[in-house]
Amino acid sequence: MIHEMGISMIVDLAESRKKIDEIDQEIVRLFQKRMSVATDVAAYKRSTGKQVFDPKREEEKIEKLRGMVEDEFNKTGVEDLFRQIMSISRKYQYQVLGPRVNEIPFRQVDTLDADEDTRVVCFGEKGAFTEQAMEEVFGKNISSFSCQSFREVMETVANGEAKYGVLPIENTSTGGITDIYDLLTDYDVTIVAEHVVKVEQDLMGLPGTKLEDIKMVYSHAQGLLQCADFLDRHSNISTKTYSSTSGAAKKVAQDQDKTQAAIGSRRAAKAFGLDVIQEAINSKDQNYTRFIIITNQNIFLSDANKLCLCFEVKHQVGALYNMLANFYYNNLNLTKIESRPIENRTWEYRFFVEVEGNVKSPGVGNALASVREFASKLTVLGNIAKR
């Protein structure tokens, strides 16, 4: 009896699977038929200038479809299914239509200027890691100077006092530098390139200073975070954040106090006549910082391979998912996403994303056309080349 029941269950399961396969084949056939009609819809919208996304029409359609189903669970399922189908249809229409003219109004250049007339500003004092990044990108035959805050660098580039600016944006140990992301929304600048520097944070002090002499260590917040393990092991040493790692080195040199030390680069120690008390005290050996090159021109380098965007989405279910899906459907690899709270708008965020691609590629143009319609605000921060 049990044996016969087992055989019956197996037969029923096989039969059910066969029926599902037949239904799935029909769903695929109907899906392809629907997508072919979407081509006609795209052609009509091209001829009339009508927007691809018609939210009122879609919501009316969803309500009608939900009304065809009685079970509440299936109502939700039908809504989810058709929202996906509509989303896929829109993405296909964007590909058929292609990007609008001047979707990304950036001018292509082959190189960054790097001569004695090129003014470049970087963050921090002499000997900063940012100075190192600047010299590795532009060389030393430029007119360079520094500012002591991220905002000053942004302002200097935005108002044209410098052609380029160099700023840190991300560290492999401590993540994104949130102040930079916030400032990128405040100033009309473009990220044109990026450069990576391996960072070794050294403990430095006045000549003759020993580790047991130190009572206070100064550094930028990033420097202190990157050396958290070392500082935890020496709990008798207090810490204080400073404007920059190189600025901290300058302070120690000026104060002439052996109870003080700084965390920063070997370049900074040499620049301000300090001794390196202990080398490479950063917690992780593979400690890298990514620097960005900004300009006030809407330009991109011909070999740019990464697009940086900032967008805001409506505060509703699925908004971020629908936005990010546009990159997937255009075969663009999403390499980074950061969120930052929007000032004076509780629990709302703006998103910074980086995707692989060049602004001249059709996939990038198609993705941006779709993203632009869904975003409540969209800014193309730059098409970035590695330098």
Side-chain angles (χ1 to χ4, degrees), residues 91 99 103-106 108-109 112 130 133 137 150 153-154 157 164-197 199 222 286 288-295 297-313 319-342 349-372 374-387:
K91 294 172 181 64
E103 187 71 52
I104 313 169
F106 282 13
Q108 180 177 315
V109 297
L112 299 177
T130 318
V137 172
F150 297 153
V153 174
M154 290 276 188
V157 173
Y164 305 110
V166 185
L167 288 164
I169 194 169
E170 181 183 16
N171 178 266
T172 53
S173 300
T174 55
I177 301 174
T178 55
D179 290 350
I180 297 295
Y181 286 105
D182 292 339
L183 288 169
L184 283 169
T185 65
D186 293 339
Y187 293 95
D188 187 14
V189 296
T190 298
I191 307 172
V192 69
E194 66 179 16
H195 182 73
V196 175
V197 171
V199 171
Q222 285 286 316
Q286 300 302 306
Y288 295 88
T289 295
R290 181 163 65 107
F291 295 86
I292 54 173
I293 315 302
I294 60 171
T295 178
Q297 305 171 79
N298 285 337
I299 61 173
F300 70 99
L301 288 159
S302 53
D303 61 340
N305 61 0
K306 185 191 296 182
L307 197 71
C308 185
L309 308 173
C310 171
F311 60 77
E312 298 172 18
V313 296
L320 181 59
Y321 167 81
N322 288 326
M323 190 69 94
L324 297 181
N326 291 297
F327 303 123
Y328 169 77
Y329 277 97
N330 284 283
N331 199 31
L332 299 176
N333 184 30
L334 179 69
T335 59
K336 184 176 179 61
I337 181 168
E338 290 271 351
S339 65
R340 295 293 300 146
I342 300 174
Y349 301 84
R350 62 172 56 95
F351 297 88
F352 296 84
V353 301
E354 294 179 4
V355 294
E356 293 176 351
N358 184 284
V359 293
K360 296 196 308 183
S361 72
V364 168
N366 292 336
L368 283 179
S370 182
V371 167
R372 197 177 296 279
F374 279 92
S376 53
K377 184 177 181 180
L378 170 68
T379 305
V380 179
L381 295 173
N383 202 188
I384 307 171
K386 294 179 180 179
R387 284 295 181 266

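The first residue of the sequence shown is numbered 1, and numbering continues consecutively from there. Everything quoted here is computed from the prediction, not taken from an experiment. Values below: every heavy atom of this structure, side chains too, minus hydrogens, waters and symmetry copies.
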How long is the span from the [atom1] atom in [X] to the [atom2] atom in [Y], to the nearest 0.5 Å?
X	Y	atom1	atom2	answer
Leu378	Phe311	CG	CZ	8.0 Å
Glu194	Ile294	CD	CD1	14.0 Å
Tyr164	Gln297	OH	CD	6.0 Å
Asp182	Phe150	CG	CZ	11.5 Å
Ile293	Thr190	CD1	OG1	13.5 Å
Ser361	Leu332	OG	CG	6.5 Å

Any chance CG of Asn331 has more than 12 other-residue heavy atoms, nucleotides or ligands included, within less than 6.0 Å?
no

Is it the case that atom CG in Asp188 sees more than 12 heavy atoms from other parts of the structure closer than 6.0 Å?
no

Can you check whether [X] reaches [Y] side chain to side chain, under 4.5 Å on heavy atoms?
X	Y	value
Val313	Tyr349	no
Tyr181	Ile169	yes
Lys386	Asn305	yes
Val364	Asn330	no
Leu112	Val192	yes
Val380	Val359	no
Ile384	Leu301	no
Met154	Val189	yes

Using only atom types and a distance under 3.5 Å, with no angle test, would you say the side chain of [X] pairs donor to acceptor with the backbone of [Y]?
X	Y	answer
Asn383	Lys306	yes
His195	Arg387	yes
Ser339	Phe351	no
Ser376	Glu312	yes
Asn358	Ala304	yes
Thr130	Val166	no

I'd like to know whether Arg290 forms a salt bridge (charged side-chain N to carboxylate O under 4.0 Å, His left out) with Glu354, so could you lay out the CA-CA distance, the side-chain angles of the two residues, the decisive distance to 0.1 Å, and finally the verdict.
CA-CA 14 Å; Arg290 181 163 65 107; Glu354 294 179 4; 3.1 Å; yes

Over all atoms of both residues, closest heavy-atom pair of Arg350 and Thr185
CD-CG2, 3.6 Å

Any idea which heavy atoms bring Phe327 and Ala367 closest together, and the distance?
CD2-CB, 4.1 Å

Salt-bridged, Lys336 to Glu338, with N to O below 4.0 Å?
yes

Tested for side chain to side chain donor-acceptor pair (under 3.5 Å) against Gln222, the lone hit among Asn171, Thr174, Thr289 is Thr174

